[in-house]
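Before any comments, here is the structure.
Being a predicted model, the structure only gives us computed values, none of them experimental.
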Amino acid sequence: MSGAKREAEWRHDHARGVTATLAMLALLLLGACESDNYETGDGKYSYLRADFVEAHSKEAKLFDTAVTDDGDELVFVEPLSCSWAATPDSIYRALIYYNVGKKNDPKSVAGISASQVLVLRLPQKQPEKAICDPLKVESTWLSANGKYFNLGLYVMVGKTEEENLKQSLGIVRDTIVDLDNGTKLHQLRLLHSQNGVPENYSTKIYASIPLEYFSQGDVVRLDVNTYNGPLNKTFQVGNQVTGM
């Protein structure tokens with residue numbers, strides 16, 4: 001399986017603020033949207049694929065096209081319905097499952113489902129409270145197109161009578177250090193507020209940090225508080241991710 005396909009396991013969307021807010025229900029369902037406009041078996045659309053994409057909403061809650069992190073343009077034979085893509089003519093970060101025809105033509109695909117990928121943007125000013133409640137980091141990788149640093153995370157959720165309880169996720173940049181070679185070291189922290197949501201079981205979410213904030217060759221270090229203690233992931237823009 002190619003490295004790009006491993007990534008299967010903004011105008012931009014609603015992740016403009018300091019944090020990307022997660023309703024507990026959204027955590028449970030991961031914002032999945034589905035379409036019944038595909039065939040099963042060895043038919044015209046019987047070859048399942050999954051990709052992280054930038055998806056375009058033709059109308060509110062309808063995706064018509066998408067561009068994968070590998071650079072392939074996807075054109076859906078029928079618009080893919082997705083309730084969380086509320087703004088028309090906008091670009092959303094998503095994990096798309098779809099079927100490609102036997103000729104493997106990415107420009108004519110049948111969309112099956114789309115799960116929202118949270119986009120974590122650097123805030124314009126430091127938050128008053130930088131809460132770093134623990135979570136689990138399963139995987140990290142750089143997008144093939146060099147646009148995103150991606151994270152596969154597990155957060156703890158549980159049933160509660162307070163339906164309005166929400167967790168939040170975000171990032172903050174603590175320092176920028178000038179390096180001898182003319183590049184910079186950006187030290188980031190992953191922010192996470194459990195906010196009283198019960199920690200009964202885990203659910204998986206995906207998040208992406210846009211690399212538009214950094215220059216080629218810059219070093220980025222992301223510090224994360226996990227249930228097993230502090231963790232950091234370090235990468236050079238354009239190169240591999242390393243962890244400690």
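Taking 4.0 Å as the cut-off between side-chain N and carboxylate O, Asp178 and Lys184 count as a salt-bridged pair. Of the charged side-chain nitrogens involved, none lies within less than 4.0 Å of a carboxylate oxygen, so that Lys147 and Asp69 do not count as a salt-bridged pair.
Under the rule for a salt bridge (charged side-chain N to carboxylate O under 4.0 Å, His left out), Asp64 has no partner lying at least two apart in sequence or in another chain. Scored by the side-chain contact (heavy atoms from CB on, under 4.5 Å) test, Ser215 finds Asp218 as partners (sequence neighbours excluded).
Ring-plane geometry between Phe63 and Tyr92 is classed as tilted, the angle between the planes lying from 30 to 60 degrees on a 0 to 90 degree scale.
Tyr213 has its side chain within reach of Arg121: a pair of non-hydrogen atoms, C-beta onward, lies under 4.5 Å apart. By the 4.5 Å heavy-atom criterion applied to side chains, Asp223 and Leu231 are not counted as neighbours. Contact check for His192 versus Gln167: side-chain heavy atoms found under the 4.5 Å cut-off. Counting heavy atoms from C-beta on, the side chains of Val172 and Leu190 never come closer than 4.5 Å. Between Asn150 and Arg93, some side-chain heavy-atom pair lies under the 4.5 Å cut-off. At a threshold of 4.5 Å between non-hydrogen side-chain atoms, the residues Leu142 and Leu211 count as touching. Leu118 is listed as a side-chain neighbour of Ile205, based on a closest heavy-atom distance under 4.5 Å. In this structure, the side chains of Val237 and Val220 come closer than 4.5 Å at one or more pairs of heavy atoms.
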_Would Phe235 and Thr140 count as a side-chain contact (heavy atoms from CB on, under 4.5 Å) here? Give the steps._
CA-CA 10 Å; Phe235 65 93; Thr140 59; over 6 Å; no
_Using salt bridge (charged side-chain N to carboxylate O under 4.0 Å, His left out), reason through Lys204 and Glu138 one step at a time and then give a plain yes or no._
CA-CA 9 Å; Lys204 189 170 185 177; Glu138 183 197 51; 2.3 Å; yes
_Checking Asp70 against Thr68 for the side chain to side chain donor-acceptor pair (under 3.5 Å) test, could you report, in this order, the C-alpha distance in whole Å, the side-chain angles of both residues, the deciding distance, and whether it holds?_
CA-CA 5 Å; Asp70 285 335; Thr68 74; 4.9 Å; no
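In the hydrophobic cluster analysis, where Ile, Leu, Val, Met, Phe, Trp and Tyr join through side-chain heavy atoms closer than 4.5 angstrom, Val197 is grouped apart from Tyr154. Taking hydrophobic clusters as Ile, Leu, Val, Met, Phe, Trp and Tyr residues chained together by side-chain heavy-atom distances below 4.5 Å, Val119 does not share a cluster with Val67.
Through chains of ILVMFWY side-chain contacts below 4.5 Å, Val219 is grouped with Val177, Leu179, Leu185.
In summary, the side chains of Asp174 and His186 do not present any donor paired with an acceptor at a separation below 3.5 Å, with no hydrogens or angles considered.
The CZ atom of Arg221 sits 5.5 Å away from the OG1 atom of Thr234 when rounded to the nearest 0.5 Å. Atoms CZ and CD1, from Arg189 and Ile131 in turn, are 11.0 Å apart once rounded to the nearest 0.5 Å. The structure places CE of Met156 at 7.0 Å from CG of Asn200, a figure rounded to the nearest 0.5 Å. Here the CD1 atom belonging to Ile91 is positioned 7.0 Å from the OG atom belonging to Ser57, to the nearest 0.5 angstrom. Atom-to-atom distance recorded for Leu135:CG and Ser202:OG is 11.0 Å, nearest 0.5 angstrom.
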